[in-house]
Each structure stands twice: as structure tokens, then as C-alpha cells.
Participant: 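First the structure, which I've put down as C-alpha cells, then a few questions once you've had a look.
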Amino acid sequence: MKKFATWNVNSLSIRLPQVLDWLAAHPVDALVLQETKLTDDKFPTMEIGEAGYQVQWFGQKTYNGVALISRETATDVVKNITGFADEQARVIAGTVGGVRVIGGYFPNGQAPDSEKFVYKMNWLTGLRNWLTEEMKAHENLVLMGDFNIAPEDRDVYDPIAWAGQIHCTPQEREHFQQLIGLGLTDAFRLFEQPPKSWSWWDYRNLAFRKNQGLRIDHILVSEALKPRVTACEIDKLPRKNERPSDHAPVIVTIDG
DNA sequence: ATGGCACCGCCCCGGTGA
């Protein structure tokens, strides 16, 4: 049995104790982090090592930043999207126990009429092109992270208010479907799930207490892995911590 | 209702996030 997880921690320096606690309670094979917000020289390698994990990291100042924490050493590590020049640190990939693990912090996009939305669209195209090659090379593959896309209306607490807004535009949803079209499956939807399942809640307006959120953090699995997936859950517990990230971890369990 | 909250940095305010 294998477990893989993703978590946008919104600053690893603030959240490191929570990440270590979470790993102690959830001994996963690999955990990808987003929004570490750390330059590489400040990455807490030692603390993670002392917890019994290996780690690969890829950061920048102030924004973005990703990491791949794993029990076994990750091999063939790739940072960012091959073939897509990017100033921003958003992707880290590695092979862990025969599974290609790709962690991504997808661009937010800010607003559908902004430059950042154009970047998001280009980034998604670049990701898809690269992924096509990655999938040819690795039949066992998981793509996980903060997609910043709510794939369907049932992934949005108020789909009417959010219609056409960032995370919910037809263009973003089309990109999500194109990733699915490569032969990937949204592991969360392989199972009956509680209605109003979200992975992110705004810090403001008591959104978590009112359960007003979005499901924008996802785990996509390749065809070869799909029949082996036995569970996929959002762990809301860390969102109840004292200084929580605004995102919750998502975990997938794979048989064999 | 364009605010709300949290995080970062050249740091008591502005940019960004979602």
C-alpha cells in the first residue's frame, strides 16, 4: 500500500511544525508542498531529515516554492516544466518507489481579464505538453497539487456567485478536462464523497466555520494506477489548527 | 458591498493570494 499527499502550506517557515506533526500522524510515501515561500538556502532540510524523510526543494523569494518530501529517495528530479521557461518556482517531480510523483503549484490567475490569467493559460498548456512526455515515460504517475481550478460547480460553495470568476472560468475548466483527456483521473471523484467537500477556505468571513470553500487541490492518477486506488480524502483537521494554512491536505491511498 | 485575513518584505504599508 502506498500513500501520496499534497498540501499548500502557505509559508513553510510558519507551518513547519504543523507539517512535521502531520507527517508523524500520516506516514505517507510522498508529500508535495506548495507555497513554501522560501529561498533554497532557507529550506529546513535538517528538520525534515530528522523526522525520517528525504526532501527535494525548489523555491524563490517571497512567493511560490514547492517541495517533494518522501520516505525513499526521489530519483530523476525535475524542477519546473521542461520546455516551458518560467521565472516562478511551481513544479517539482521525482520518482518514488516506482511512481512518478509530480507536485505543482498552478498559477492563481488573479482575474480572467488579467495578464496573470494569460500566464496561467500558457502555463497550463506548457504543463500539458510536458506531461504528455512524462506519461509516456512513466505509466505509474500521480499529478497533485494546488491546481487553482474548481473543476465543476459541485466543487464550489456558491457556484452562482463564482460563475465565470477565477478558478471557475470555462477556460480553466477546459484545461482541467484536457489533463483528464491525457488519461488521468481525479482520484477524489472515484469515491462517494460528502457533499460540500472543499480543500480551501478563505481566511476571512469565518469561511471555514461556515464551510464556504472551494475544491482546488487535486490528485490525478494515471490509468495504470487508477484500478489500484482504494481511497482519496481531504484532511480537514489541520485547518482547525491555531495558525492554519488556508488549504487542507489531500491524500490518496494506492493498493499494492 | 472589492471589504474581510494572512503572509512576505527592505518592514507600519503595499503586493499577492483565492
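Because the structure is a prediction, the values reported are computed rather than measured. So you know, we letter chains A, B, ... as the sequences are listed, proteins then strands, and number each from 1.
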Participant: Please state how far atom CG in D246(A) lies from atom P in dA6(B), giving the value in whole angstrom units.
Facilitator: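 Result: 10 Å.
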Participant: Would you classify N64(A) as touching base, sugar-phosphate or nothing, given that sugar-phosphate means primed atoms plus P, OP1 and OP2, and contacts are heavy atoms under 4.0 Å?
Facilitator: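 It contacts nothing in the nucleic acid.
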Participant: The test is side-chain hydrogen bond (donor to acceptor under 3.5 Å, both in side chains); show your working for E139(A) and S222(A) and say whether it passes.
Facilitator: CA-CA 7 Å; E139(A) 66 163 2; S222(A) 62; over 6 Å; no
Participant: Check the distance between dT16(B)'s C1' and E87(A)'s CD and give it to me in whole angstrom.
Facilitator: 17 Å
Participant: I216(A) and side-chain contact (heavy atoms from CB on, under 4.5 Å): which single residue from N108(A), I149(A), D146(A) fits?
Facilitator: D146(A)
Participant: Determine the Euclidean distance between corresponding C1' atoms of dA1(B) and dC12(B); express it in Å to zero decimal places.
Facilitator: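 Their C1' atoms lie roughly 27 Å apart.
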Participant: I'd like to know whether NZ of K196(A) has more than 12 heavy-atom contacts from other residues, nucleotides or ligands below 6.0 angstrom.
Facilitator: no
Participant: In whole Å, I'd like the distance from the CG atom of N205(A) to the P atom of dA18(B).
Facilitator: 16 Å
Participant: Any side-chain N or O of R243(A) below 4.0 angstrom from OP1/OP2 of dC5(B)?
Facilitator: no
Participant: Rounding to an integer number of angstrom, what distance separates dG15(B) and dC10(B) when you compare their P atoms?
Facilitator: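 Taking atom P in both dG15(B) and dC10(B), they lie 13 Å apart.
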Participant: Passes side-chain hydrogen bond (donor to acceptor under 3.5 Å, both in side chains), Y203(A) versus N10(A)? Steps please.
Facilitator: CA-CA 12 Å; Y203(A) 282 121; N10(A) 184 17; 3.0 Å; yes
Participant: Using a cut-off of 4.0 Å on non-hydrogen atoms, how would the nucleic acid contact of S13(A) be classed: base, sugar-phosphate, or nothing?
Facilitator: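 Sugar-phosphate only.
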Participant: Other than V250(A), which residues form its hydrophobic cluster under the rule that side-chain heavy atoms must be closer than 4.5 Å?
Facilitator: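 Cluster partners of V250(A): F4(A), V32(A), F58(A), V66(A), L68(A), V77(A), I92(A), V96(A), V99(A), V101(A), Y105(A), V142(A), M144(A), F188(A), L190(A), F191(A), I219(A), V221(A), L225(A), V229(A), I234(A), V252(A), I254(A).
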Participant: For N148(A) and for Q165(A), locate the closest nucleotide of DNA chain B by heavy-atom distance; then report the residue assigned to the nucleotide nearer the 5' terminus.
Facilitator: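 The 5'-side residue here is Q165(A).
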Participant: Whole Å only: how far is the CZ atom of R204(A) from the P atom of dT16(B)?
Facilitator: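 R204(A) atom CZ is separated from dT16(B) atom P by 15 Å.
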Participant: Could you give the distance separating dC11(B) and dT16(B) at their P atoms, to the nearest angstrom?
Facilitator: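 The answer is 16 Å between these two P atoms.
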Participant: Would you kindly give the CG-to-P distance between D158(A) and dA1(B), to the nearest whole Å?
Facilitator: 14 Å
Participant: Scan D217(A) against the nucleic acid and name what it touches under 4.0 Å (heavy atoms): base, sugar-phosphate only, or nothing.
Facilitator: nothing
Participant: Expressed in angstrom and rounded to an integer, what is the separation of W201(A) atom CH2 from dA18(B) atom C1'?
Facilitator: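 Value for this atom pair: 14 Å.
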Participant: What's the closest nucleotide to the side chain of Y203(A) if the choices are dA18(B), dA6(B), dC7(B)?
Facilitator: dA6(B)
Participant: Name the nucleic acid region contacted by Y105(A), choosing base, sugar-phosphate or nothing; use a 4.0 angstrom heavy-atom cut-off, strictly under.
Facilitator: sugar-phosphate
Participant: When the nearest nucleotide of DNA chain B is assigned to N10(A) and to H247(A) on a heavy-atom basis, which residue is associated with the more 5' position?
Facilitator: N10(A)
Participant: If the threshold is 4.0 Å, N to carboxylate O, is there a salt bridge linking K79(A) and D40(A)?
Facilitator: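 Salt bridge between K79(A) and D40(A), a charged N being under 4.0 Å from a carboxylate O: no.
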Participant: Is there a donor-acceptor pair under 3.5 Å between the side chain of D76(A) and the backbone N or O of T95(A)?
Facilitator: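 Answer holds: no.
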Participant: Of R215(A), R173(A), H218(A), which meets side-chain hydrogen bond (donor to acceptor under 3.5 Å, both in side chains) against D155(A)?
Facilitator: R215(A)
Participant: Whole-Å distance between dT16(B) C1' and I166(A) CD1?
Facilitator: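 Between C1' of dT16(B) and CD1 of I166(A): 13 Å.
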Participant: Would you kindly give the CG-to-C1' distance between L206(A) and dG3(B), to the nearest whole Å?
Facilitator: 14 Å
Participant: Using atom names, set out every protein N or O paired with an N or O of nucleotides 9-15 of chain B below 3.5 Å, distance rounded to 0.1 Å.
Facilitator:
from	atom 1	to	atom 2	distance (Å)
dC10(B)	N4	K61(A)	NZ	3.2

Participant: What interatomic distance, in whole Å, is found between P of dT2(B) and the corresponding atom of dA18(B)?
Facilitator: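 Looking at atom P only, dA18(B) and dT2(B) are 22 Å apart.
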Participant: What's L214(A) touching, base or sugar-phosphate or nothing? Going by heavy atoms closer than 4.0 Å.
Facilitator: sugar-phosphate
Participant: Return the nearest nucleotide to the side chain of I14(A); candidates are dC8(B), dG4(B), dA18(B).
Facilitator: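 The answer is dC8(B).
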Participant: Measure from the side chain of S11(A), starting at C-beta and using heavy atoms only, and say which of dC7(B), dG4(B), dG17(B) lies closest.
Facilitator: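 Of dC7(B), dG4(B), dG17(B), dC7(B) is nearest to the side chain of S11(A).
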Participant: Quick one: the side chain of D202(A) and the base of dA18(B), do they pair up donor-acceptor inside 3.5 Å?
Facilitator: no
Participant: Is the phosphate of dA18(B), meaning OP1 or OP2, less than 4.0 Å from a side-chain N or O of Q110(A)?
Facilitator: no
Participant: Does D235(A) reach the main-chain N or O of A248(A) with its side chain, forming a donor-acceptor pair under 3.5 Å?
Facilitator: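 No; zero donor-acceptor contacts below 3.5 Å.
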